[in-house]
Amino acid sequence: MYPFREIEKKWQKYWKEHQTFKTDVWDFSKPKYYVLDMFPYPSGVGLHAGHVEGYTATDIVSRMKRMQGYNVLHPMGYDSFGLPAEQYAVQTGNHPNGFTEKNIAYFSEQLNTLGFDYDWDKMVSTSDPTYYHWTQWIFKRLYEDGYAKYIDMPVNWCEKLGTVLSNDEVIDGKSERGGYPVVRKNMKQLCIDQPAFAEKLLEGLDEIDWPESTKEMQRNWIGKSIGAHVTFQIKGYDKEFTVFTTRCDTLFGATYCVLAPEHEYVNLITSEEHKEEVKKYQAICASKSDLERTELNKEKTGVFTGAYAINPVNQQEIPIYISDYVLASYGTGAIMAVPAHDERDYEFAKKFNIPIIQVLEEVTGTPHENEFEKQSIVAVVYNPKTKKYLTLNWHDKGGRLFIGGTRKEKEDALSCALREIKEETGYVHLTLEAELPKINHHYYAYNKDKYFHIESTGFLFYLKDEIQDEKELEDDEEFTIEWVDEKTLEEIKDPLHNKTYQYAKHPGAMVGDGVHINSEFLNGMNKQEAIDTMIKWLEEHHCGSRKVNYKFREWIFARQRYWGEPVPIVHLEDGEDYVLEDEELPLILPELEDYKGHNGKAPLENATEWKKYTTKDGRKGFRETSTMPGSAGSSWYYFRYIDPKNETMFCDPELAKHWLPVDLYMGGPEHAVGHLMYARIWNRYLYDKGLSPVKEPFKKLVHQGMILGENGIKMGKRYPEYAIDPKDIARDYGADTLRLYEMFMGPIEASKPWSASGVEGAKRFIERVWRFFTNVDHIVDDNDGHLTKIYHQTVKKVTDDYENLGFNTAISQMMIFVNECYRIGHCPREYAEGFIKMISCIIPHVGEEMWQILGHNETIAYQKWPQYDEKYLVEEEKEIAVQVNGKVRATIKVHLEDTERQIEEKALQEENVKRHIEGKQIVKIILIKGRICNIVVK
RNA sequence: GCUUGUGUGGCGGAAUUGGUAGACGCGCACGACUCAAAAUCGUGUGGCCUUUGGUCAUGAGGGUUCGAUUCCCUCCACAAGCACCA
């Protein structure tokens, strides 16, 4: 047993006293490495197992980089504005500062207990006025440049919390904190213009090393879509409205328009007779929370306004509806509806009996010159009683098909289908279930030796009864009539019939690509050509244009809370908004007698004196009493760590230029679109302004996975009984054990269940290491070469794995090395020291102690990282597998200099190999050097 | 529904320019040490069989290949995120 309590305390004290991990940021002589953790909110609960995982990972990397000669910046700080401190203030009437400072002290103590190598001189805390001074300073620039502004807009209002919430603070229509209901409400809001950065943020994603899932989430969040604006005149009014569409190529198929219930024209255009119904529908929509609105979207609802829009391409008058499936907050809040080619419009049109006009046909088969044109049908007949489909089996003359046929002159498609069914199968009692989209099919008919180009209309019929009119049936047909199940329909390979079946199975809108019909100047074009042509047409006729639209909305930048950064804006009595001068910053958060906001108002409304403000030229006004959201301070803290005490700038530009970007950023995936997006926006703004040296602040991002309870259940609020407290583990097993165990659990990004016996195993390994390397008899000065190969392999593997954050496999390799040391019974000093250096990154306390026992007086933290020599990694003799027809039959030892012929001979001499090739002919022998020898026999 | 991942022994997990599947650890069994136990050290440990060998096996089913956990297609399950985005 190693005395971990004494050792851990001893080295924590040593590091503190010797300022071992102090970073001289002005030392540019060494290459820099900036490794960053997402700083925690200093809750009273302290660290949890998930914190430890991420922090240990960055700690290991920072320790290795330091030993590799980098000047490492590995800071820690606190995102200290937030709700728990505010609730404490409301309840006790005390300023939240004391609460916050107490928690910070507790957190810092815990972090030190775990032996992390932070430079505490660089600590920042977002609620500290010397910090939020610069949050306000950057905000001021955003405001002055027009990126922060007041906008009247619908917001997520939480009555219970008395505040406005951002979209990512609302989960399923409820507040993220507390789970209270959230409703939409129109309010004047201080916003940051995120869409202005959308394109730059999208581009930036391509140049950073982030998890693909996170990048994809950000792309989805930005939600770019390329389309067009199309303007519709309103019949009888000198008014027009604009819709956004990604499918302007289908404009000829637009059979109605829909306005969002909140659209500004709704009241204007609604005809007298529809007024009442429209008002009622609007009222229903307004009362719905976002949750109800999405819950109730199973079936489409809406009402007709009585007004008509004029389709600009063909002057057709189409009805205007309102419906909540059109969102006021996206695009223009109005759409053109093309039921034939949009699922939602299809659903709506079906329900309200609106015409469906197909303007795009799927193309099947291959076009050919000199085709004969025909119109035809394919009829799918389904018997709901037996759940079978009617097919004609043409056997070797064309396989299994549905009923098909050519339309006679002047015959409509439906009559043709019914006639064909009757003629070929005799069934007469059918109900038309659906007319399916037309298909454009090219084929070659062998029996006629002709190429055909047909337009086929598909039908889905349900069989009413099995009465057959056999009069018209011919006896000598070449097919047999067969009722088959769904599985058998897979036999249908004919592209036309196959496609028809797919439409029959899922009747609805045709959303794919194809060839345009019923579209005048677009006829014959595919989707993309038609879109381009239509945009040109719209622009020439001044009724539309190309348009890029984003889901990304304004970021509401004010909360009716106390414990946040005050906004440095004053609302003057003359209506003007005045932003404070730089010299007036920081605007300090005043102490209050009552920290509670009343009637949904911000708590700072209680600061009656503080609120009042008079400009130098005597204009009076009141300060903004909302504070900034939690994500404000965390949007730029990576700058401040570099230069935390600077009183004249948020960060010295020369230092920023040297230290940014962050080389490795570690934190939970829950921040994928919140903090990580906001931080990128602030940095991008600063970059454009010449205040940040980099387009992207975080070069490489890694998310640590979640640590689950022993039974695989999420730890945390819902199941506190499964929670593992790192404090307890560190106390009972040591910080080093906790660190080692968490790193050995599995890949850093995976979610992994906790295992108590796994912790035991980690402790056992540390003790095994301790017993071996602290025993002077084991450490020898002459190298007998027994460990040479394994040592160099270990150095390579551990170095590579640490670099790639593959700590579980690095530890595994070190275990193999230790096992080998035990087997040999001794270890050369050089290897022992190299090994201790490597493992000290994970178990720094034991690492330092062993280093000292080996006779060193200085900390191990700045020792030179062990090197490996490629020449020891090359294996002179290697065991390779001999396969016969891909199955391993023997293993043979081969030398590096063996020729292929020698190896093959050796392989063929193996008894077991001989047995398997006996009496067979060797076709070929595949020999991959150093890997495998496969003998193929017949 | 859509997007992105994941799926390997009793358990956590190794192994991908395609080349001996199951490294390392946990658990379990046995042995050494001990009066004994713990600790420690060592050996073994995917299933099945006729066991110096054979055979099956990486969510299921197909395909490509001399050879597939790895590449391709279809499907299933789980996780996270998005969800009427026109």
Side-chain angles (χ1 to χ4, degrees), chain A residues 1 168 172 211-221 223-225 227 243-248 250 258 260 293-294 296-298 300 323-327 329-338 341-345 347-348 490 549-553 669-670 672-673 703 705-706 710 712 741 744-747 749-762 764-765 767-768 771 806 808-816 818-819 822-823 879-891 911-912 915-916 923-937:
Chain A
M1 285 276 276
D168 57 296
D172 287 337
E212 198 45 52
S213 58
T214 303
K215 289 205 229 178
E216 202 53 36
M217 257 194 253
Q218 294 216 341
R219 285 191 196 103
N220 287 339
W221 195 255
K224 177 179 180 175
S225 63
V243 304
F244 174 72
T245 176
T246 53
R247 293 297 304 276
C248 63
T250 61
V258 186
R293 199 160 161 162
T294 43
L296 290 173
N297 80 37
K298 300 221 162 68
K300 296 274 174 290
S323 170
D324 68 353
Y325 87 90
V326 173
L327 308 173
S329 56
Y330 182 76
T332 60
I335 61 156
M336 64 179 219
V338 186
H341 303 288
D342 181 280
E343 286 295 348
R344 296 149 300 173
D345 299 345
E347 237 181 274
F348 191 88
E490 283 168 22
N549 203 41
Y550 302 95
K551 279 200 270 183
F552 217 25
R553 308 277 305 161
E670 65 273 17
V673 284
H703 298 303
M706 206 180 326
E710 289 228 54
Y741 171 64
F744 189 56
M745 285 172 88
E749 298 210 41
S751 291
K752 307 159 283 263
W754 186 268
S755 155
S757 50
V759 179
E760 293 277 355
R764 216 177 294 160
F765 176 62
E767 284 170 351
R768 195 169 150 85
R771 270 195 306 276
N808 55 333
T809 47
I811 292 166
S812 155
Q813 181 64 36
M814 287 190 282
M815 286 173 168
I816 293 169
V818 172
N819 288 347
Y822 268 85
R823 201 175 68 81
E879 202 168 72
I880 69 163
V882 181
Q883 299 182 328
V884 179
N885 284 350
K887 293 200 170 166
V888 181
R889 298 301 177 187
T891 55
E911 280 304 318
N912 203 31
R915 196 167 30 240
H916 281 91
V923 181
K924 61 174 161 178
I925 298 177
I926 291 150
L927 184 69
I928 309 293
K929 265 241 146 142
R931 293 209 188 263
I932 208 158
C933 175
N934 191 9
I935 301 160
V936 185
V937 298

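Chain letters run A, B, ... following the sequence lines, proteins first and then strands; every chain starts at 1. What you see is a predicted model; the values in this text were computed from it and never measured.
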Could you run down the sub-3.5 Å N/O contacts of the protein with nucleotides 2-12 of chain B?
from: G12(B); atom 1: O2'; to: Met745(A); atom 2: O; distance (Å): 2.6

Find the distance between CD1 (Ile811(A)) and OH (Tyr741(A)) and round it off to the nearest 0.5 Å. 11.0 Å
Under 4.0 angstrom, heavy atoms only, what part of the nucleic acid is Ser755(A) near: base, sugar-phosphate, or nothing? nothing
OP1, OP2 of G54(B) versus side-chain N and O of Arg915(A): anything below 4.0 Å? no
Selection from A21(B), A15(B), A86(B) that lies nearest to any side-chain heavy atom of Val888(A): A21(B)
So, Glu216(A) and Arg219(A), do they make that salt bridge, N to O below 4.0 Å? yes
Would you say a side-chain N or O of Asn808(A) is under 4.0 Å from OP1 or OP2 of A14(B)? yes
Chi-based syn or anti call at G9(B), which uses purine or pyrimidine torsion atoms and a 90° bound: syn
Under 3.5 Å for both donor-acceptor distances, Watson-Crick or wobble: does G22(B) have a partner, and if so which one? none
Counting only side-chain N and O atoms of Arg889(A), is one of them less than 4.0 Å from OP1 or OP2 of U55(B)? yes
Classify Gln883(A) by what it touches in the nucleic acid, base, sugar-phosphate, or nothing, heavy-atom distance under 4.0 Å. base
With a 4.0 Å cutoff (strictly under), does any side-chain N or O of Arg768(A) reach OP1 or OP2 of C41(B)? yes
Taking G25(B), G53(B), G19(B) as options, the one with an atom nearest any side-chain atom of Asn819(A) is G25(B)
Give me the one residue out of Pro669(A), Ser751(A), Pro753(A) that meets side chain to side chain contact (heavy atoms under 4.5 Å, CB included) with Met706(A). Ser751(A)
When you measure from the side chain of Tyr822(A), which nucleotide among C41(B), A23(B), A14(B) comes out closest? C41(B)
For G53(B), the Watson-Crick or wobble counterpart (both distances under 3.5 Å): C49(B)
Under 4.0 angstrom, heavy atoms only, what part of the nucleic acid is Ile816(A) near: base, sugar-phosphate, or nothing? sugar-phosphate
Side-chain N or O of Ser757(A) versus OP1/OP2 of G25(B): is the shortest distance under 4.0 Å? no
His916(A) near the nucleic acid: base, sugar-phosphate alone, or nothing, with a heavy-atom cut-off under 4.0 Å? sugar-phosphate
Nearest-angstrom distance from the residue atom CD of Glu343(A) to C1' of A83(B): 15 Å
